[in-house]
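Worksheet for the structure shown next.
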Amino acid sequence: MKSSVIIFPGSNCDRDMDVALKKHGYKNKMVWHDDIDLPKCDLVVLPGGFSYGDYLRCGSIAGKSKIIKSVIEFANSGGLVLGICNGFQILTETGLLPGVLQQNKYLNFICKNVHVKVNNKENSYFKNIKKEILELHIAHNEGNYFCTKDELEVIKNNNQIALTYCNTEGSDEEEFNPNGALNNIAGLFNKNKNVLGMMPHPERMIDKYLSGNDGSIFFENLIKNYI
Amino acid sequence: MKVKVIVTLKNGVLDPQGKAIQQTLNGMGFVDVKDVRQGKYFDIEVNETDENKAKFKIDEMCKKLLANLVIEDYKIL
Amino acid sequence: MKVKVIVTLKNGVLDPQGKAIQQTLNGMGFVDVKDVRQGKYFDIEVNETDENKAKFKIDEMCKKLLANLVIEDYKIL
Amino acid sequence: MEVNEQIAIDHGLKIEEYKKIKELLKRNPNLTELAIFSAMWNEHCSYKSSRKHLKNLFTKGEKVIQGPGENAGVIDIGDEDAIVFKIESHNHPSFIEPYQGAATGVGGIMRDVFTMGARPIANLNSIHFGSTQHKKTKNLLRGVVKGIGGYGNCIGVPTIAGQTNFDDSYNGNILVNAMTLGLVNKNKIFYSKAAGLNKPVIYVGSKTGRDGIHGASMASAIFDDKIEEKKPTVQVGDPFTEKLLLEACLELMKEDSIISIQDMGAAGLTSSSVEMASKGKLGIELDLSKVPCREEKMTPYEIMLSESQERMLIILENGKEEKAKEIFDKWNLDFAVIGKTTDTQNLELLFNQEKVAEIPIDYLAENAPMYDRKWKKSKLPQKIDYPKDLFKSLKLESCLTKIISNPNICDKQWIWEQYDHTVMGDTIQKPGGDAGVVRVHGTNKAVAASVDSSAVYCYAHPLTGGKQVVCESWRNLISVGSQPVAITNCLNFGNPEKEKNMGEFVECVNGISEAAKFLNFPVVSGNVSFYNETKDKGIKPTPSIGGVGILNDYKNMLTMDLKKEGNLILVIGKTEGHLDQSIFSRIILLEKKGPPPEVNLFNEKNNGETILKLLDKKLIISCHDISVGGIIIALSKMCIKGNKGVKINSQIKLLNKFNYFFAEDQGRYIIEIENNNFAMVKKVLEENSVHFDELGVVDGNKLTFKDELNISIQDLNKKYKSWLKNYMIS
Ligand SMILES: Nc1ncnc2c1ncn2[C@@H]1O[C@H](COP(=O)(O)OP(=O)(O)O)[C@@H](O)[C@H]1O
Ligand SMILES: [Mg+2]
C-alpha cells in the first residue's frame, strides 16, 4: 500500500507517522505542503502537530495550503484520507469532515492513554479489526468535538462515528471522556467512510516499550484490508 | 485603512474559557460577574482607502478564514 | 448590564498569530492586507445597573486578571 | 546624548566599571557602546561574581566531548552518537509573565542545543514556587506549566521529566529552569568559534523588535516593591517560528557551509557577535542597517540590545550565501548578510554608512570585570536531640498519609499531563518515574535524564547540600538502570554582594564539584542565576542538577512499579535514622533546624555501582531511590505505581520506627527481586560490602506493618494523586 504523509510547517508527528507506516509495510513518501500534486498513492495522511503554530484556529491555516486542493480532490474521488490529531482538525477546517474541534473542556493540554471503542466496522479502516476496544494515546489541547444538532443527526444516521472514548469495558460515561467531545467522539468518518479523522495517535503505540502497541493493530488492519 | 473585526462564539456554543474566567473573577471577589464570553479581536490594515470596498474585502476574509461559521459569528466594526 | 472589553498586545510586542494570519491572507489572494494584529474580546455581564460603577469594576478586573499590563493594553468599549 | 556616570548607573554599571571602560577606550563611550559594555559586563554574560569559583568545577571525563564554555555540553554515547545538553534559568521573566517567561525559557534552551547541530530529543524542567498558601502561587504555577507546555508541545519535543517544589522563600521570586537534550553525530558538531577572514556574517530567524531590551540586565536586577509598575518588556515566544528555525538550521547543517553558529540569547546580537569573534580571536563588522527589523526607526542601540526570540547568527563559508538563503526562504524565515569577519580584533558597527561603534573585542570579553566577592563559610548545624516522648502520640499511618499528600511529595501528574511526553515516538519512561528515558532513535541505546534540587539541605549546610544534589541525580539515573555520565547545573542563588549568599554559592559549587569528581560525573554545562531576591529576602540556595545517563540496551530499563506478588523487597544502603531537615521533621515535628543528612560519597558510589551489577545479572525486577520522605514514602510510591501491596517484615531491626521509616539518609534504594534469587542477590551485595535490609514481601493490595500500618493502596493512591489536582481547581 502506498501512502503519502503531508508535511506542513509546524507538523511534528510527520516523522513518527513515517516510521509507523514503514514498520507496518506501507511504502511511504513525504509530501511538502507547497507542492501542488500528490504522488500516486492509496492513502494520504495528515499528521499531528501544530501546523502553522495552530495560530488563529487549529488547522485553519493548513486548510488553505497549496496541497490541500489535491487532497480534497483525492478524497472526493474515493481515496483514503486519514487525519490524526492536527490532521483531524485540518479535515474539519477544509470541510471534508463536519463540525469543529474546540478547546478541551477542562482547558488543559492532555497527554495520556485513553480507550476508544470502534463503532463502525463497515469500512476500509476497521473491517475485520481484532479488537473492539483499543488503548490509544492522546496529546492535544483542542480535541473537544462539536457540531450542530442537525449535523449530529446526519452523522449518526450515516454511521459516521468511528471511535468513541470509553473505559476498558467500553462504557462511555462522561468520566471517560477526556476532553468534553460531543457524544464522546474520538474519531469521525465522512459520509463515504474514506476520510477518517481521529484525535488519538496510533503512531505512538507501535511497540510494547512505548505507551502500548494497539496502534499496530490499527495499521496492520488497514493494510490487510487493502490487499 | 484599519478595520476592526470581532469574532465571537455563536449563542449556544459552549465557551469553557469564558466560564473559567467568570469563575476566577467570582473567586477574586467580583461576585457580580454573571457571565463572561470570550472572543477574538483583529486589527486589520488594508491598502484600500474606500471604506466600502475595504469592508467588502474584510467580509470575505472573515468568511474564508477568520471565523469558522460552524460555531462563530463575526462583526466588522 | 453587559460590558465589552478588548485586550490587545502593546505596540512593539511580537504578535506571532497576527503575523501568520497576515501571511495566510496574502497567500489566499488578499494582497492588500498589510498588517494583522490579534487580540482578545470579552463580553462581560455584571449585576450592576450603574454604568460608571460597572466600568469601574471592569477596569479593576482588566488590571487584575484579563490583561497582563506587561505586554497588553485593554480598552473598555 | 553625552554619556555620563548617571547614564552608566542606569545601565546597571557600577561607577568603577564605567571608569574602567573610559580607561580602556581612552575616551568616553557613546551611548551604543556603553549599552554594549553594560550588556557584556552584566552578571548574566560575564559571570563576574561566579567565574572564579566555577573554575573549580570538575569538568573532565573520557566521555566528555565538550565541557562548559560552549552553547551546551556534549558527551559521547558510543558509535557515532553524542548527546548535547544544558539547563538554563528564566526566573525573573517568569515571575512577571509566567506564560511567556516560561515559554521563552524553553525556547532559549532548545536553541542552545540545536545551535550545536543536535536535534532536541527531550525537555525537562525544574520549577520552584512560593508557599501553596501564597496568593500568587496558583496563577504562577498554572501560567508556567502552560508556558512550558505551550512551547515544547508545539515544537514537538517530549517533556520527559522534571521537578516541582514549593517553599515560601520563592514567594516573590519563582524559579523556572529548563533543560534540553539533543542528539548529534559526533563528527558533525557545530561550535560558536569564528574562523577565517572576510567570511559573511548571516542573520536568520525572526525579525528584530524592541522587545526584551534590558532583559539581560533584568535577569540580574533585584526585584523591589515597584516591580508591578516597572513593566519591563518581556519577550513573546513564537514556537512555530522556532520549529521552522530548527528545521532550517538542521537542513543547512547538512551542507558544508557553516563555520560557526550561535543563537541570540540574552543580550541578543551583542553577545552572540562578540562571543563568536572573541573565541576566534577575530574582529567582526556589522552593518546594522541590514538587520531585518520588525518595527520602524529602530536605532543601533535598540538593535544591539534587542532580545527578540528565535534568531541566530551564522558565519558562513564564502560563496554559500545563495544556497543558504534558499533554505531559509523555503522555511519562510528572514535571512540577511549583515557583516563580515575582520582582522581588526574590533567590534565595528555601521549604520546608514556611518560608524556608530568601535570597541576592541577583548575589552568586552576577556577584560570584563571579575570579582572575588567576600563570602561567609557556614557551620554545620548541631544535631537535634528529639525528646523520646515527642514520638509517643504519633501514629505511623497518619504521618504517612500526611506526608504523601504534602505538596512537595504528592503526584505531579496535573503538571506533566499537560506536557506532550510521547511525541517523537521514543519515550520509554514517562514523567513520574525516577528519570525520564528516551531511546536513541533506531538503535538499542537509550538516554536517561533527571533534574533535581534540594534547597532545604543546601540552606542548612551548602557544602553538604551541593554534594547531595549531585548524588540524588546519580541515584535517579541508576534507578532506571542507566550508567550516569555527566551533569549540567543551574545555580539559582540570592544576591552575591551579600556575604551569606555568596558563601552559599561558593560552598554549593565546591560540594557539587567534590561529588562530581568522586562519582566521575563531570559537569559539562550550566548557568548561574544570581539576585533571586525580593524586598531583601533571598531564596534558599537552589542549585538544580540535570543528570544524564546511558543505557546500552533499552530493554534493560528499570521502573519503580512493583511487579509480582511474592517478590522480595530489599532496602539497599544503611539507614542511620537521620531525621534533621527531613520532611518528617518539618511537617510532623515542626522542627526546621539541624544538619542535612550526611553524604558518604564512597557508599553512594559503591551502592549505585552494585545496583548496576545486580541489573547486569538480571536480578532486579524494580527499583526506586529513597529520597525525601524516606523508606516509607519510596515504598508507597512503588506500591501505587504497581498497584500492589507490601507486607513489611515485622522482624525488621528498627531504630525508633519513625527514624527508620522517615529518615532521609543518603545512598539508598529499594529493590524488588524474585524470591528464589535472594541467595544470589545477597552474595553480590555481600561481596561488594553493601548493607541491606529485608524490608518485606509484595502482597495483596495493602501496605501493612504489624498492627501499625494497614492502608489500602487505593486509599494511599487517592491521597497521593488528589492533592495537586484539587488545589488547582479550588
Ligand atoms: N515540572 C515537572 N515536569 C515534568 N515532570 C515532573 C515535574 N514535576 C515532577 N515531575 C515528575 O514527577 C515525578 C515525581 O517527582 P519527585 O516528587 O521529584 O520524585 P522523586 O522524589 O521520586 O524523584 C518525577 O518523575 C518527575 O519527572
Ligand atoms: Mg527519584
Side-chain angles (χ1 to χ4, degrees), chain C residues 3-47 53-77, chain D residues 92-101 103-104 107 135-136 138-140 142-143 147 150-151 154 205-213 215 218 227-245 293-298 302 306-311 332-334:
Chain C
V3 184
K4 298 174 198 318
V5 176
I6 286 171
V7 175
T8 49
L9 286 168
K10 283 204 157 88
N11 272 337
V13 173
L14 177 71
D15 177 10
Q17 306 224 41
K19 194 177 84 183
I21 295 167
Q22 183 220 328
Q23 288 175 351
T24 308
L25 287 170
N26 291 160
M28 288 167 71
F30 296 106
V31 287
D32 292 344
V33 176
K34 274 184 55 190
D35 191 31
V36 177
R37 303 276 292 171
Q38 184 173 339
K40 287 179 202 146
Y41 169 83
F42 300 96
D43 248 328
I44 304 174
E45 196 168 337
V46 275
N47 249 350
K53 278 193 190 154
K55 289 206 168 164
F56 181 80
K57 273 185 196 160
I58 301 274
D59 194 71
E60 255 189 288
M61 294 178 207
C62 287
K63 285 197 184 113
K64 291 196 175 153
L65 182 75
L66 301 179
N68 182 342
L69 301 181
V70 176
I71 50 172
E72 294 170 327
D73 289 327
Y74 65 91
K75 205 159 79 192
I76 300 171
L77 298 189
Chain D
H92 293 80
S94 301
F95 184 73
I96 299 165
E97 215 311 313
Y99 183 94
Q100 296 297 346
T104 49
K135 63 178 195 309
K136 281 194 170 159
K138 206 178 291 179
N139 277 335
L140 287 169
R142 183 177 289 117
Y151 211 99
C154 182
S206 286
K207 291 186 184 356
T208 296
R210 290 194 173 90
D211 35 14
I213 293 178
M218 175 173 76
I227 192 70
E228 321 255 339
E229 294 147 49
K230 243 196 208 162
K231 300 174 198 167
T233 12
V234 171
Q235 308 95 291
V236 168
D238 181 0
F240 171 56
T241 297
E242 175 127 321
K243 166 79 174 159
L244 305 183
L245 188 59
C293 286
R294 199 170 76 222
E295 294 168 68
E296 279 164 32
K297 299 206 182 85
M298 284 190 65
E302 290 169 326
S306 162
E307 291 195 345
S308 290
Q309 300 286 295
E310 292 95 18
R311 303 177 300 159
N332 200 10
L333 293 164
D334 272 290

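Proteins get letters first, then strands, A, B, ... in listed order; numbering begins at 1 in each.
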Rounded to the nearest 0.5 angstrom, the CG-CZ distance for D334(D) and R311(D) is 11.0 Å

Quick one: are P16(C) and V236(D) in side-chain contact, heavy atoms under 4.5 Å?
-> yes

R294(D) side chain to G12(C) main-chain N or O, any donor-acceptor pair under 3.5 Å?
-> yes

Quick check: are there more than 12 heavy atoms from other residues, nucleotides or ligands sitting under 6.0 Å from CG of N11(C)?
-> no

Segment of S308(D) engaging chain C (4.5 angstrom heavy-atom cut-off) | neither

Which side-chain N or O atoms in residues 69-77 of chain C pair as donor and acceptor under 3.5 Å with protein atoms at least two apart or in another chain?
| unit_1 | atom_1 | unit_2 | atom_2 | d |
| --- | --- | --- | --- | --- |
| E72(C) | OE1 | N68(C) | N | 2.8 |
| Y74(C) | OH | D59(C) | OD1 | 2.8 |

G209(D) backbone acceptor or donor facing S306(D) side chain under 3.5 Å | yes

Quick check: does any side chain N or O of Q309(D) sit under 3.5 Å from a backbone N or O of E307(D), one acting as donor and the other as acceptor?
-> yes

Taking L9(C), D15(C), L14(C) one by one, which has the highest count of heavy-atom pairs under 4.5 Å against chain D?
-> L14(C)

Please list, in residue-number order, every residue in residues 17-38 of chain C that has a heavy atom less than 4.5 Å from any heavy atom of chain D; write 'none' if there are none.
-> K19(C), Q23(C)

Proximal component of E97(D), with respect to chain C [non-hydrogen, under 4.5 Å] | both

